[in-house]
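As structure tokens, the structure follows; a few thoughts come after it.
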There are 2 protein chains.
Amino acid sequence: MGATDHEVLAAVLRIADGALQVLAWQRALEPDRGRWALPGGRLGADEDVETSVLRQLAEKVDLREVAHVEQLGVFSDPARVPGTRTVATAFLGLVPTDADPAVPADTAWRPLSARDTAFDHGLIVAAARDRLRAKLSYTNLGFAMAPREFTISALRELYVAALGHAVSATNLQRVLTRRGVLEPTGALAPPGPAGGRPAAVFRFTDRTLRVTDAFAVLKPPGEHGRGAVP
Amino acid sequence: MGATDHEVLAAVLRIADGALQVLAWQRALEPDRGRWALPGGRLGADEDVETSVLRQLAEKVDLREVAHVEQLGVFSDPARVPGTRTVATAFLGLVPTDADPAVPADTAWRPLSARDTAFDHGLIVAAARDRLRAKLSYTNLGFAMAPREFTISALRELYVAALGHAVSATNLQRVLTRRGVLEPTGALAPPGPAGGRPAAVFRFTDRTLRVTDAFAVLKPPGEHGRGAVP
DNA sequence: CCAAAAGTGTTGCGGATACACCCATGG
DNA sequence: CCATGGGTGTATCCGCAACACTTTTGG
């Protein structure tokens, strides 16, 4: 029984111009020449997949810009790539909207709707988007998309872009503050050219993943409307 | 850069005697001789990991007994097993409480609390238990632990065993029926020797995984208290 | 008639949404 | 003083949990 190769792949997402984008590079060689592939590469002998994906990303984008990375799963269809059998461990990565890391010449931020993806990488991007959407609603994952400090309306635009549906600024603010996810910095942002009341500036209280709405039902007795369990 | 081996491992759980059990086999050879390992094995050249885990399980337990299988993730610490570098894809499997499949002589159902697990398999079992607990509260995953037909109090005992805390039969019934997860068969179960009102018999409406409590908050506008989106 | 087990009615709480209303700024 | 954008107050809805109460059986 032959050994298989193992690669790690990262769907690194960010929001720009009101839409989700994914980091990809254009293949210069066959197979799938001209199509766009996710960053990644072979798993090294002395690293686990988490270490490996961080190492590989460091070659494409400054690691300090990546706010969050998590495993999505294994993609292992024997025909997923031509040539040597290769199993992939896929990751979701998130870069804040205000970070604009330098990327290599063959690499670009592309809309999620693009179809000319290499191999099965379109499946991985779809899984990444679904994971992001799900976790935005029951964790503090917004911290990984947002700048350090922001106004509620700016945050609202990020949630709209990520979730793909309307979000009320009023309720977004209330939900996130009630859960202790957001806190005001005390500063005010100057109004735009059209005027208007200056917006309060907020930040996320944590910048690591936290589940804020643990399980909806069947909580242990006595935990009535308590929400998260730390 | 050397190729790595790839194995699949399954933490197959069921409930017996009011507690969760995991299927494991006792190693007869070094390394980790005498310790208990999860069923699994090498990934074949012509199969993906999902196919592989089902094939490997068929050798330990009748496949028709396994009601649900899903991927947990990749375990890839370079030192996780001695010898050739081996990456594992771990799965959660569930067997209904009334199925009692024949298992090989070296294989047994063991309590989750057992410590004499081989390699990093204890980590995998813990991940499986956590996944089960989480999904019980926002999906219909109970179908994979329960018999075809059951009373609410029998189902309650399963939930207690899986979740590890008290569950009210009253609220369990209401939550699951409101969500359309359970339906009465119309039959009644005879009371026990001590008497009592005969219990209504229920079944799960679906026997495949369905998310019933999609996202707690930030629903699309107009979806007020609608819960799941099909 | 009593104990035991199952099931229903009812109350209260709290999170989430929606919407009306008030606030602060630029022109 | 008006348009614009930001923020708060408040009503309503609804799921869930808790608990009292009724129903149906065996002894």
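Below, chain A is the first sequence line, B the second, and so on; all start at residue 1.
- OP1 or OP2 of dA4(C) has not a single side-chain nitrogen or oxygen of R197(B) nearer than 4.0 Å.
- Counting any heavy atom pair closer than 4.0 Å across all strands shown, P193(A) reaches sugar-phosphate atoms only and no base atom.
- Between L188(A) atom CG and dC23(C) atom C1' the separation is 12 Å, expressed in whole Å.
- At a threshold of 4.0 Å, the pair R14(A)-E65(A) does not count as salt-bridged, since none of the basic side-chain nitrogens sits closer than that to a carboxylate oxygen.
- The interatomic distance linking L163(B) (CG) with dA17(D) (C1') rounds to 15 Å, in whole Å.
- Using a 4.0 Å cut-off, some side-chain N or O of S153(B) falls inside it from OP1 or OP2 of dA6(C).
- For the pair L172(A) CG and dG7(D) P, the computed distance is 12 Å after rounding to whole Å.
- The shortest distance between the side-chain N/O atoms of Q173(A) and the OP1/OP2 oxygens of dG6(D) is not below 4.0 Å.
- Checked against dT25(D), dT17(C), dA18(D), the side chain of N171(B) finds its nearest nucleotide in dA18(D).
- Ranked by how close their nearest DNA chain C nucleotide is to the 5' end, T170(B) and G195(A) are led by T170(B).
- Here the nucleotide nearest the side chain of A194(B), chosen from dG7(C), dA5(C), dT17(C), is dA5(C).
- Taking atom CZ of residue R156(B) and atom P of nucleotide dA18(D), one finds them 13 Å apart after rounding to whole Å.
- Annotation: side chain of L182(B) is in contact with side chain of L155(B) (closest heavy-atom distance under 4.5 Å).
- In this structure, A200(A) reaches the sugar-phosphate backbone alone: every heavy-atom distance under 4.0 Å involves primed, P, OP1 or OP2 atoms, never a base.
- Heavy-atom nearest nucleotides on DNA chain C were determined for G192(A) and for G196(B), and the one closer to the 5' end corresponds to G196(B).
- Separating the OH atom of Y159(A) from the C1' atom of dT17(C) is a distance of 17 Å, rounded to the nearest angstrom.
- Summary of the strand contacts: A199(A) and R174(A) both lie near DNA chain D, and taking for each the nucleotide with the nearest heavy atom, the more 5' one is attributed to A199(A).
- Checked by atom type and distance alone, the side chain of R133(B) pairs as donor or acceptor with a backbone atom of A162(B) at under 3.5 Å.
- No donor-acceptor pair under 3.5 Å is formed between the side chain of T185(A) and the backbone N or O of F202(A).
- Between R178(B) and the phosphate of dC16(D), there is a side-chain N or O to OP1/OP2 separation shorter than 4.0 Å.
- Distances were taken from every side-chain heavy atom of P191(B) (C-beta onward) to each of dT25(D), dG6(D), dT4(D); the shortest belongs to dT25(D).
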- Evaluate ring pair (Phe, Tyr, Trp, His ring centres under 6.0 Å) for F143(B) paired with F150(B), printing each intermediate quantity in order. CA-CA 11 Å; F143(B) 79 85; F150(B) 46 83; over 10 Å; no
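- Distance, R179(B) CZ to dA17(D) C1': 14 Å, rounded to whole Å.
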